[in-house]
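As structure tokens, the structure follows; a few thoughts come after it.
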Amino acid sequence: NPGVVDGVTNSKLDGLLRNINKAGIPCMAQPDVQLRMGAKDSLVSIRNLACGMPDTYAYYEIPEMYKTFPETIKDGPRVMKQNRGSQGEGIWICKRADGQ
């Protein structure tokens, strides 16, 4: 994610990262891997690996969220991220109303 920098676009950054990778230099967030995994779904895909968090969920339907989310928030605050955007917008920390 290039953030908001004049003249820097995701496509320019992706090209740079692809060239770095082709040169044999390992780079984090290689664009083709990101596309295969899906930006937000990647966290769900790795939740059972040592680097993941097993209590990571993705909700695709509102009824599913209404059913599952109240149970998950019983364990503490939850971070919710909308399935678009990558510059910090649409992120919420959710806590129970009773402060628990």
Side-chain angles (χ1 to χ4, degrees):
N1 176 4
V4 180
V5 178
D6 289 339
V8 177
T9 63
N10 280 332
S11 61
K12 285 183 181 180
L13 179 63
D14 288 352
L16 174 66
L17 291 172
R18 283 186 180 103
N19 288 337
I20 289 170
N21 189 274
K22 284 179 188 174
I25 302 168
C27 62
M28 264 323 253
Q30 208 280 338
D32 298 316
V33 173
Q34 287 183 37
L35 289 172
R36 280 195 308 271
M37 290 189 75
K40 309 302 183 280
D41 290 333
S42 61
L43 295 175
V44 175
S45 298
I46 66 167
R47 69 180 172 203
N48 294 317
L49 299 178
C51 61
M53 298 181 71
D55 62 345
T56 301
Y57 302 95
Y59 301 107
Y60 300 101
E61 303 291 335
I62 291 175
E64 178 187 1
M65 182 180 161
Y66 283 146
K67 179 182 175 186
T68 308
F69 186 73
E71 289 298 316
T72 66
I73 202 166
K74 287 181 180 179
D75 296 327
R78 303 294 301 179
V79 175
M80 295 189 73
K81 173 78 171 99
Q82 64 189 6
N83 196 26
R84 61 182 173 84
S86 59
Q87 296 178 0
E89 73 278 2
I91 299 174
W92 301 274
I93 297 176
C94 302
K95 298 178 183 177
R96 292 177 20 177
D98 62 9
Q100 299 295 317

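This chain uses plain numbering: 1 for the first residue, then up along the sequence. Atom set for the values below is all heavy atoms of this structure, side chains included, hydrogens, waters and symmetry mates excluded.
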Q. Between CG of Asn48 and OG1 of Thr56, what distance do you get to the nearest 0.5 Å?
A. 9.0 Å

(Q) Quick check on the hydrophobic clustering: are Met53 and Ile46 connected, directly or via other members, by side-chain heavy-atom contacts under 4.5 Å? (A) no

Q. Could you go step by step and tell me if Lys67 and Glu64 meet the salt bridge (charged side-chain N to carboxylate O under 4.0 Å, His left out) rule?
A. CA-CA 5 Å; Lys67 179 182 175 186; Glu64 178 187 1; over 6 Å; no

Q. For atom CD1 of Ile93, is the number of surrounding heavy atoms from other residues, nucleotides or ligands below 6.0 Å larger than 12?
A. no

Q | Distance (rounded to the nearest 0.5 Å) between Ile73 CD1 and Thr68 OG1 | A | 13.0 Å

Q. Can you name the one residue among Lys74, Arg47, Arg78 that meets salt bridge (charged side-chain N to carboxylate O under 4.0 Å, His left out) with Asp55?
A. Arg78

Q) Linking I/L/V/M/F/W/Y whenever any side-chain heavy atoms sit under 4.5 Å apart, do Trp92 and Tyr59 land together? A) yes

**Q.** Gly7 versus Lys12, closest heavy-atom pair with distance
**A.** O-NZ, 2.9 Å

